[in-house]
Peer 1: 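Please read through the structure below; I'll follow up with questions.
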Amino acid sequence: MLNLLADCFTRKASFAMTLPMILLSMTFYSAKSQTDTTTVFSFEQFMERVKIHHPLAFQAALQTEKGRAAVLNARGAFDPKVFGDVSQKYFDDNQYYSLVNGGLKIPTWFGVEVKAGYEENHGLYLNPENNTASGLWYAGISVPIGQGLFIDERRAALRQAQLYQQATEAERELLLNELFYEAANAYWNWFLKYNNLLVYQNALTLASVRFTAIKQSSLLGDRPAIDTLEASIQLQMRQLSLQQGILDFQNAGLQLSVYLWMNGSIPLELDSATEPEAYRNALKTERQQFSLAQVEALVDSHPKLQLYNFKLAHLDIERRLKMENMKPVLNLNYNPINEVVNGNPFTEYSIYNYKWGAQFSMPLFLRKERGALQMTKLYIRETEFTRSEESLALLNTAKSYWNEWNTTGAQIELYAKTVEDFRKLLDAEQTLLNAGESSLFLVNSRETSYINAQMTLIDLVAKREKAEAGILYSTASFR
């Protein structure tokens with residue numbers, strides 16, 4: 001008997017020394033010193049910091065910059081070009097020829113190319129048709145009558161670049177959507193571990209108070225020593241649960257710190273005095289409401305589906321270009337020309353002075369062109385099938401999250417009352433124990449049920465919040 005009491009006192013002394021150490025260990029690694037007050041870090045504050053400061057948010061902004069750069073690059077194909085060509089030959093102190101030609105070319109959106117320039121050729125051995133010793137001004141246009149009339153490589157490249165610019169915005173939204181979903185899950189996991197820890201702390205406090213009271217009663221002879229042993233075992237189990245809760249909470253905090261940055265370059269860590277909201281406050285908070293029809297409608301505008309739409313539009317431009325390439329090449333050129341007289345290029349101008357020409361070419365079998373067109377059509381069909389599959393997958397995922405969100409919401413309302421009923425049972429059993437009409441075993445049983453009910457309710461709250469994040473993720477509705 002004396003050994004049992006001594007063991008109980010030893011356990012009590014050990015607990016008195018261990019409990020402060022446990023409570024002191026409930027901290028995160030932090031750049032700041034420990035403060036006496038705690039700061040609630042709400043989900044909205046956390047997500048706002050992620051949106052503004054996370055490196056991936058800065059990286060996502062670069063996608064739109066890529067789109068603008070691609071459009072600028074494609075527009076360069078329509079830039080006017082200045083050209084010049086000088087070729088001279090000297091031999092035995094004679095100038096065989098001097099050929100000078102320079103001017104300006106202006107490509108247009110409609111495939112017509114405008115050209116103007118100046119030509120001056122002379123020399124001893126110059127082809128007479130090229131002799132323009134006085135200088136010759138010319139201007140004209142080149143018009144594609146066949147291939148290139150409705151679309152060509154330049155126009156196709158620009159339209160595809162414009163589509164790419166729009167697609168980069170969808171890619172940006174997709175990157176942010178993934179980031180926000182992962183961050184939200186990290187926060188609600190931190191929330192779960194924190195509120196579980198609060199339950200463990202409260203349970204340890206209750207076990208400690210009960211152990212002290214039963215030990216005193218046992219010393220006075222009001223209770224058997226076996227009750228003291230049972231209370232001591234219960235106290236040890238609560239200590240073990242608390243230690244595991246501390247570990248889980250610390251690890252969840254480290255995972256949350258992955259998403260805490262300053263200006264996309266400086267990683268931050270949670271302060272030891274920072275904590276999420278308590279689950280009872282979360283029960284009272286008004287959360288966003290969703291209808292199933294609203295969720296289904298939002299899926300259609302998901303950036304992943306938009307990317308498929310842009311890809312189909314890109315392939316459609318390719319298809320049009322491949323069809324255009326099946327036409328024969330037929331280009332007409334017309335250039336009015338005029339010789340400079342006394343420095344004036346318009347003195348001898350006549351509409352009968354001109355140069356014109358035509359170019360024609362066409363493959364006889366068009367196998368290359370037909371093969372390219374067929375491949376593009378197959379890519380279009382393949383993309384359409386993939387888009388339909390992805391659309392159904394997103395829709396079913398969104399419905400799954402909505403079902404979980406809707407069900408857990410109803411379960412929370414029901415189970416909140418269940419937790420309160422477990423608490424009332426525990427209070428009643430404790431009153432009976434104090435009156436000598438119950439046993440420590442029954443009180444421990446009631447208390448264990450109450451603790452498990454609290455943790456089940458906390459888990460339901462976390463599941464509901466994660467399901468809400470899942471809805472926002474599957475519909476790309478994070479804002």
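Residue indices begin at 1 and follow the sequence shown.
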Peer 1: Taking only residues two or more places apart in sequence or in another chain, which ones pass side-chain contact (heavy atoms from CB on, under 4.5 Å) with Ser291?
Peer 2: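 If we apply the side-chain contact (heavy atoms from CB on, under 4.5 Å) test to Ser291, skipping adjacent residues, the hits are Ala293, Gln294.
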Peer 1: Going by side chain to side chain donor-acceptor pair (under 3.5 Å), name the pairs with one or both residues in residues 163-178, residues two or more places apart or in two chains.
Peer 2: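 Qualifying pairs, neighbours excluded: Glu169-Arg172, Glu178-Tyr473.
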Peer 1: Taking Arg319 first and then Asp316, would you say they form a salt bridge - that is, a charged N and a carboxylate O separated by under 4.0 Å?
Peer 2: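 Yes, this pair counts.
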Peer 1: Kindly indicate, with the supporting measurements, whether the criterion ring pair (Phe, Tyr, Trp, His ring centres under 6.0 Å) is fulfilled by Phe78 and Trp109.
Peer 2: CA-CA 7 Å; Phe78 295 90; Trp109 173 256; 5.6 Å; yes
Peer 1: Using modelled atom types only, decide if a donor and an acceptor are shared between the side chain of Asn403 and the backbone of Lys399 within a distance under 3.5 Å.
Peer 2: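 Between the backbone of Lys399 and the side chain of Asn403 there is a qualifying donor-acceptor contact (under 3.5 Å).
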Peer 1: Could Lys322 and Glu369 be called an ion pair, given the rule that one side-chain N must be under 4.0 Å from one carboxylate O?
Peer 2: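 Salt bridge: no.
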Peer 1: Among pairs that include at least one residue of residues 466-477, which meet salt bridge (Lys or Arg N to Asp or Glu O under 4.0 Å), considering only residues two or more places apart or in two chains?
Peer 2: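 Not a single pair qualifies under salt bridge (Lys or Arg N to Asp or Glu O under 4.0 Å).
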Peer 1: Under the salt bridge (Lys or Arg N to Asp or Glu O under 4.0 Å) definition, can you give me all pairs with a residue in residues 224-242, not counting sequence neighbours?
Peer 2: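 Non-adjacent pairs meeting salt bridge (Lys or Arg N to Asp or Glu O under 4.0 Å): Arg223-Asp227, Arg238-Glu447.
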Peer 1: Indicate whether any N or O donor in one side chain lies under 3.5 Å from an N or O acceptor in the other, for Gln244 and Asp248.
Peer 2: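 A donor-acceptor contact under 3.5 Å links the two side chains.
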Peer 1: Can you check whether Asn444's main-chain N or O pairs, donor with acceptor, with Gln234's side chain at less than 3.5 Å?
Peer 2: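 It does not hold such a pair.
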Peer 1: Does Asn189 reach the main-chain N or O of Asn185 with its side chain, forming a donor-acceptor pair under 3.5 Å?
Peer 2: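 Flag not set: sc Asn189 to bb Asn185 has no pair under 3.5 Å.
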Peer 1: So which pairs with a foot in residues 148-159 pass side chain to side chain donor-acceptor pair (under 3.5 Å), sequence neighbours left out?
Peer 2: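 Applying side chain to side chain donor-acceptor pair (under 3.5 Å) to every pair that reaches into residues 148-159, excluding sequence neighbours, yields Asp152-Arg155.
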Peer 1: So Trp188 and Phe191, would you call those rings parallel, tilted or perpendicular, with 30° and 60° as cut-offs?
Peer 2: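 Ring orientation, 0 to 90° scale: perpendicular.
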Peer 1: What do you reckon, is OH of Tyr415 surrounded by more than 12 foreign heavy atoms closer than 6.0 Å?
Peer 2: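 Yes, enclosed.
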Peer 1: Quick check against the 3.5 Å criterion: does Thr274 have a side-chain atom that pairs as donor or acceptor with the backbone of Leu270?
Peer 2: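 Side chain of Thr274 to backbone of Leu270, a donor-acceptor pair under 3.5 Å: no, none is there.
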Peer 1: Angle class for the Phe46/Phe43 ring planes (parallel below 30°, perpendicular above 60°, tilted otherwise)?
Peer 2: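 Ring orientation, 0 to 90° scale: tilted.
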Peer 1: Say whether, by atom type as modelled, one donor and one acceptor occur between the side chain of Asn195 and the main chain of Tyr279 under 3.5 angstrom.
Peer 2: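 Side chain of Asn195 to backbone of Tyr279, a donor-acceptor pair under 3.5 Å: yes, one is there.
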Peer 1: So, for Phe365 and Arg370, which heavy atoms are closest and what is the spacing to 0.1 Å?
Peer 2: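 Where Phe365 meets Arg370 most closely, the heavy atoms are O-NH2, 3.1 Å.
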Peer 1: Would you say the side chains of Arg387 and Asn309 form a donor-acceptor pair under 3.5 Å?
Peer 2: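 The criterion, which ignores hydrogens and geometry beyond distance, is satisfied for Asn309 and Arg387.
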Peer 1: Could you pull out all residues at least two apart from Ser449 that satisfy side-chain contact (heavy atoms from CB on, under 4.5 Å)?
Peer 2: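 Ser449 satisfies side-chain contact (heavy atoms from CB on, under 4.5 Å) with Phe422 once adjacent residues are dropped.
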Peer 1: More than 12 foreign heavy atoms under 6.0 Å from NZ of Lys463: is that the case here?
Peer 2: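 No.
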Peer 1: How would you list, by chain and number, every residue that makes a side-chain contact (heavy atoms from CB on, under 4.5 Å) with Ala57, sequence neighbours excluded?
Peer 2: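 Partners of Ala57 by the side-chain contact (heavy atoms from CB on, under 4.5 Å) criterion, ordered by chain and then number, come out as Leu176.
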Peer 1: What pairs with Thr475 under side-chain hydrogen bond (donor to acceptor under 3.5 Å, both in side chains), at least two apart in sequence or on another chain?
Peer 2: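 With neighbours one apart ignored, the set is Ser477.
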Peer 1: When you check the side-chain N and O atoms of Ser232 and Gln236, is any donor under 3.5 Å from an acceptor?
Peer 2: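 Ser232 vs Gln236: donor-acceptor pair found between side chains.
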Peer 1: What pairs meet the salt bridge (Lys or Arg N to Asp or Glu O under 4.0 Å) rule with one or both residues in residues 189-205, with sequence neighbours excluded?
Peer 2: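 Residue pairs with at least one partner in residues 189-205: there are none.
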Peer 1: Is the distance between the ring centroids of Phe290 and Trp402 less than 6.0 Å?
Peer 2: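 Judged by ring-centre distance (under 6.0 Å), Phe290 and Trp402 do not meet the cut-off.
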Peer 1: Are the charged groups of Asp79 and Arg75 less than 4.0 angstrom apart, N to O?
Peer 2: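 A salt bridge is absent here (no side-chain N lies under 4.0 Å from a carboxylate O).
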Peer 1: Just jot down the salt bridge (Lys or Arg N to Asp or Glu O under 4.0 Å) partners of Lys417, sequence neighbours excluded, or say none.
Peer 2: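 With neighbours one apart ignored, the set is Asp421.
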Peer 1: If the condition is side-chain contact (heavy atoms from CB on, under 4.5 Å), which residues does Gln45 pass it with, not counting sequence neighbours?
Peer 2: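 By the side-chain contact (heavy atoms from CB on, under 4.5 Å) rule, Gln45 matches Phe41, Ser42.
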Peer 1: Looking only at heavy atoms, which two atoms of Pro303 and Ala170 are closest? And how far apart?
Peer 2: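 Minimum heavy-atom contact is CB-O, 3.4 Å.
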Peer 1: By the salt bridge (Lys or Arg N to Asp or Glu O under 4.0 Å) test, which pairs, at least two apart or in different chains, include something from residues 401-415?
Peer 2: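 Of all non-adjacent pairs touching residues 401-415, none passes salt bridge (Lys or Arg N to Asp or Glu O under 4.0 Å).
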